[in-house]
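Everything on this sheet refers to the single structure shown next.
Ligands are counted one by one from 1 in listed order, and the atoms in each one are counted from 1 as well. Quick caveat, the model's predicted, so the values are computed rather than measured.
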Amino acid sequence: MPGPLENKRVILGVTGSIACYKALDLASKMVQAGALVDTVMSYGATQFVTPLAFRSITHREVVTDLFDPDSTYSIEHIELAQRADLVVIAPATAHCIAKLAAGLADDSLTTTVLAATAPLLVAPAMDGGMYSNAATQENMAKLRQRGVLIAGPASGRLASGLIGMGRLLETPELLGHIAYALGKDGDLAGRTIVVSAGGTMEPIDPVRVITNHSSGKMGYALAEAGRDRGAKVILVAAPTGLPDPALVEVVNVKTAQEMCDAVLQRVKGADALIMAAAVADYRPKNEAEQKIKKSGGDLTIDLAKTTDILEAATGDFVKVGFSAETQNLIANAKVKVGSKNLDLIVANDLTDPDSGFGVDTNKVTLIDRDLNVDELPVLTKYEVGHRVLDRVSKLLGNKTG
Ligand code: CTP
């Protein structure tokens, strides 16, 4: 499964905000992800960053002046607009948003947008006062009503030095919005998928916990893959160092019990549950109220069994488990298919250097309810996510692409 931007035609509209410099990074990341990026700059944008910078990054002509007699692109950009898979305007100034809302077409970018039939994603960037101004808010509401996707802005330090709402989203977040925009009508559109991720933390006392080495990367990649094919994804996440994926609902939990409560509540009415989290099987029976002080001898901590979330989760949804093993991978995973009543289990061998905790790749074996075994090659965790979702999609009776 290629990445969400692979071979996609994206028109990148850039308008006159100091955040233009960030659009260069966005263009670069989109090109690296396999997209064909055509940049259309407003006059204001060219005052901040040169067209040459975008041309160097995208290896494509950059459209600037609608009336440039030397540019064939000034006519072709209408054709570009019609072939595009997505139009992204980042940064979009208040002025640009006002023009879009009014349907004006007085420069290359606005004519391109009007001619385009592809989805439009707008990432505003402006001063906080301009953003909160009723005119801007009304214009944004108009765009939303027409189905335009809006990414951000974020709150934080603005170019003026003031703190407020109006910062352009950072590139990774913008890429999440772009992936969503490209995949929103995918085979999982209209489906809700609950994904768990990370290693739970079971408190011993106010400063110590029992946990495991799970980085959460597999669950987060699954959540992004689900988002990128149209699903509404609810990610129940134990603590990880990972940023929240854009356009995924994240429910933060710490303990196995909190994860259990969150999952059982969210899975009601969902189409699938995928438990990628490393849930503690045991927790300290009693959490000490104060920090346990060192004493002369050894210390024994009594552990109580936690609820098995997958076993407890019953209902009319596709149920997928993970099985992290250090020995007898397939045999152990097969037992879990039966004991946890699973539609699919994803078995991964923790002793393999390409698999498991912390790394970006995974080598997994998929085992279905009938115990058919499908050994996959080493793939990125995002690709593994798609392979798992291919199965989920089939089980849900969706037509996969
Ligand atoms: N799991 C769960 N609730 C638990 C423990 C595990 O839902 N309390 C889920 C995990 O998220 C995973 C699957 O069960 O999807 C298998 O987890 P794993 O740790 O491999 O197996 P266990 O059932 O805990 O058995 P063992 O530790 O003996 O291998």
Subject >> Contacting atoms of ligand 1, where contact means under 4.0 angstrom from a heavy atom of Thr306 >> reply: 8 (N)
Original post:
So which protein heavy atom does atom 26 (P) of ligand 1 come closest to, and at what separation?
Top reply: Lys336 NZ, 4.0 Å
Original post:
Which ligand 1 atoms are under 4.0 Å away from a heavy-atom of Leu310?
Top reply: 2 (C), 7 (O), 9 (C), 13 (C), 14 (O), 15 (O)
Subject >> Short side-chain to backbone donor-acceptor contact, Arg227 and Gly183, under 3.5 Å >> reply: no
Original post:
Going from CD on Glu138 to CG on Leu143, what distance comes out if it is rounded to the nearest 0.5 angstrom?
Top reply: 12.0 Å
**OP:** Give the residue, atom name and distance (to 0.1 Å) of the protein heavy atom nearest atom 3 (N) of ligand 1.
**Re:** Ile309 N, 2.9 Å
**OP:** Give the atoms of ligand 1, by number and element, whose distance to some non-hydrogen atom of Ala324 is under 4.0 Å.
**Re:** 20 (O)
**OP:** Evaluate the side-chain proximity of Tyr131 to Gln137: yes if any heavy-atom separation is below 4.5 Å, no if none is.
**Re:** yes
Original post:
Checking side-chain contact (heavy atoms from CB on, under 4.5 Å) against Ile274, which of Leu344, Leu389, Val346 comes through?
Top reply: Leu389
Original post:
Which atoms from ligand 1 have a heavy atom of Ala277 less than 4.0 Å away?
Top reply: 10 (C), 11 (O)
**OP:** Say whether, by atom type as modelled, one donor and one acceptor occur between the side chain of Asp343 and the main chain of Val392 under 3.5 angstrom.
**Re:** no
Original post:
Just which atoms of ligand 1 are under 4.0 Å from any heavy atom in Gly321?
Top reply: 15 (O)
Subject >> Polar atom proximity, Asp281 to ligand 1 (N or O, under 3.5 Å) >> reply: yes
Original post:
Are the side chain of Asn139 and the backbone N or O of Ala135 linked by a donor-acceptor pair below 3.5 Å?
Top reply: yes
**OP:** Mark yes or no for whether Thr15, through its side chain, and Thr93, through its backbone, hold a donor-acceptor pair below 3.5 Å.
**Re:** yes
Original post:
So is Phe322 polar-close to ligand 1, meaning N/O to N/O under 3.5 Å?
Top reply: yes
Subject >> Sub-4.0 Å protein heavy atom next to atom 28 (O) of ligand 1 >> reply: no
Original post:
Under 4.0 Å from atom 19 (O) of ligand 1, is there any protein heavy atom?
Top reply: no
Original post:
Going by distance only, is there an N or O of Met275 that falls short of 3.5 Å from an N or O of ligand 1?
Top reply: yes
Subject >> Any side-chain donor near an acceptor of the partner, Thr380 and Asp360, under 3.5 Å >> reply: no
Subject >> Heteroatom proximity flag, Lys340 to ligand 1, N/O under 3.5 Å >> reply: yes
**OP:** Examine distances only and state if a side-chain atom of Thr111 and a backbone atom of Asp107 form a donor-acceptor pair shorter than 3.5 Å.
**Re:** yes
**OP:** Find all atoms of ligand 1 within a distance of less than 4.0 Å from any non-hydrogen atom belonging to Thr307, and give their numbers and elements.
**Re:** 3 (N), 4 (C), 8 (N)
Subject >> Those atoms of ligand 1 less than 4.0 Å from some heavy atom in Ser323 >> reply: 20 (O)
**OP:** From atom 4 (C) of ligand 1, work out which of Thr326, Asn332, Val279 has a heavy atom at the shortest distance.
**Re:** Val279
Original post:
Do the non-hydrogen side-chain atoms of Arg208 and Ile292 ever get within less than 4.5 Å of each other?
Top reply: yes
Original post:
Would you say the side chain of Arg229 lies within less than 4.5 Å of the side chain of Asp390, judging by non-hydrogen atoms?
Top reply: yes
**OP:** With heavy atoms only and a cut-off of under 4.0 Å, state how Glu311 meets ligand 1: side chain, backbone, both or neither.
**Re:** neither
